[in-house]
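Side chains are part of it too, since the values below use all heavy atoms of this structure and drop only hydrogens, waters and symmetry mates. Everything quoted here is computed from the prediction, not taken from an experiment.
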Amino acid sequence: QVQLEESGGGLVQAGGSLRLSCAESGRTFTTYAMGWFRQTPGKEREFVAAINWSGSSTYYADSVKGRFTISRDSAKKTVLLQMNSLKPEDTAVYYCAARSGPVVTTYHTDYRYWGQGTQVSVSS
């Protein structure tokens with residue numbers, strides 16, 4: 001069983017930055033991919049960014065490419081999402097997710113383990 005807990009959300013003005021952190025605990029797989037997703041009321045959970053087990057490959061949604069950076073520290077069991085140049089449309093609940101195996105996907109249905117989410121609000 002993998003437990004995930006997000007932190008770092010909050011309220012920021014447009015153009016500002018936030019850094020989200022996802023701490024992993026419990027049983028861990030030797031190889032697994034991590035992703036960040038976000039969701040707003042009435043909409044489906046949306047892919048934001050993902051990273052493979054070694055941290056050598058990263059993937060981003062077009063809407064955040066060039067502004068967000070995903071990284072991981074396996075020794076600390078932490079995945080980070082650095083968010084710069086934030087826009088009001090980035091406002092959402094952000095979720096950290098994990099899936100076993102080396103393959104990275106952008107589909108939320110492929111991820112088995114989820115955190116509780118952290119709210120990110122960007123004011124104009």
Side-chain angles (χ1 to χ4, degrees):
Q1 187 74 14
V2 175
Q3 288 89 41
L4 305 173
E5 183 174 2
E6 305 95 337
S7 61
L11 174 64
V12 65
Q13 288 189 332
S17 298
L18 282 174
R19 188 176 73 169
L20 304 184
S21 178
C22 174
E24 313 155 37
S25 62
R27 176 185 173 185
T28 55
F29 295 97
T30 55
T31 59
Y32 57 99
M34 299 293 296
W36 285 96
F37 294 79
R38 65 188 182 188
Q39 191 169 23
T40 54
K43 292 190 176 182
E44 190 173 356
R45 200 159 289 190
E46 175 190 27
F47 169 74
V48 175
I51 189 167
N52 70 340
W53 70 276
S54 67
S56 61
S57 296
T58 56
Y59 306 83
Y60 298 95
D62 288 342
S63 59
V64 307
K65 201 170 292 184
R67 300 188 297 122
F68 291 11
T69 302
I70 187 171
S71 61
R72 70 187 300 169
D73 185 334
S74 295
K76 295 182 179 179
K77 298 183 179 180
T78 300
V79 177
L80 301 176
L81 184 67
Q82 178 67 42
M83 305 186 296
N84 299 328
S85 302
L86 282 161
K87 304 175 181 180
E89 50 263 45
D90 294 319
T91 295
V93 177
Y94 282 70
Y95 296 90
C96 174
R99 70 181 303 271
S100 61
V103 176
V104 179
T105 80
T106 62
Y107 299 101
H108 65 87
T109 52
D110 290 336
Y111 288 77
R112 179 177 180 182
Y113 303 101
W114 292 85
Q116 293 299 308
T118 184
Q119 177 70 46
V120 170
S121 299
V122 184
S123 63
S124 57

Could you tell me whether the side chain of T40 and the main chain of A92 form a donor-acceptor pair under 3.5 Å? no

Might you point out which heavy atoms bring L81 and W36 nearest each other, and give the distance in Å? CB-NE1, 3.6 Å

First locate atom CD of E46, then atom OG1 of T106, and finally report the distance between them rounded to the nearest 0.5 Å. 11.0 Å

Quick one, E89 and S63 - any side-chain contact, counting heavy atoms below 4.5 Å? no

Going by heavy atoms in the side chains, are V122 and M83 under 4.5 Å from each other? no

From E24 atom CD to D73 atom CG, the distance as rounded to the nearest 0.5 Å: 9.5 Å

Looking at every heavy atom in both S124 and A14, which two are closest together, and how far apart are they? CA-CB, 4.4 Å

Could you label the plane-to-plane angle of the F37 and F47 rings as parallel, tilted or perpendicular, counting under 30° as parallel and over 60° as perpendicular? perpendicular

Within the distance-only criterion (no hydrogens, no angle test), does the side chain of R72 pair as donor or acceptor with the backbone N or O of N52 below 3.5 angstrom? yes

Scanning both residues in full, the closest heavy-atom pair of S85 with R67 reads O-NH1, 2.9 Å

Determine whether V104 and Y60 fall in the same hydrophobic cluster, where Ile, Leu, Val, Met, Phe, Trp and Tyr are linked whenever their side-chain heavy atoms lie under 4.5 Å apart. no

Is it possible for you to say whether V12 and F68 belong to one hydrophobic cluster, with membership spreading through side-chain heavy-atom contacts below 4.5 Å? yes

Taking all atoms of both residues into account, what is the closest heavy-atom pair of Q39 and E44, and its distance? NE2-C, 4.1 Å

Non-hydrogen side-chain atoms of S25 and K77 separated by less than 4.5 Å: no

Is there a donor in the side chain of Y111 and an acceptor in the side chain of R99, or the other way round, less than 3.5 Å apart? no

Taking atom CD of Q119 as the centre, report whether more than 12 heavy atoms of other residues, nucleotides or ligands fall under 6.0 Å from it. yes

Under 4.0 Å between a Lys/Arg side-chain N and an Asp/Glu carboxylate O for D90 and K87? no

Does L20 share a hydrophobic cluster with V79, counting links as ILVMFWY side-chain heavy atoms below 4.5 Å and allowing steps through other members? yes

Using modelled atom types only, decide if a donor and an acceptor are shared between the side chain of Q116 and the backbone of E6 within a distance under 3.5 Å. no

Cluster link L80 to I70, ILVMFWY, side chain under 4.5 Å: no

Looking at S54, is its backbone amide N or carbonyl O close enough to the side chain of S56 to form a donor-acceptor pair, meaning the two atoms are under 3.5 Å apart? no

Rounded to the nearest 0.5 Å, what separates atom CG in L18 from atom OG1 in T118? 9.0 Å

Quick check on the hydrophobic clustering: are V2 and Y95 connected, directly or via other members, by side-chain heavy-atom contacts under 4.5 Å? no

Does any part of the side chain of C96, heavy atoms only, come nearer than 4.5 Å to the side chain of W114, both counted from C-beta? no

Output for pair (S71 OG, Q82 CD), nearest 0.5 Å, gives 8.5 Å

Looking only at heavy atoms, which two atoms of M34 and A98 are closest? And how far apart? SD-CB, 3.4 Å

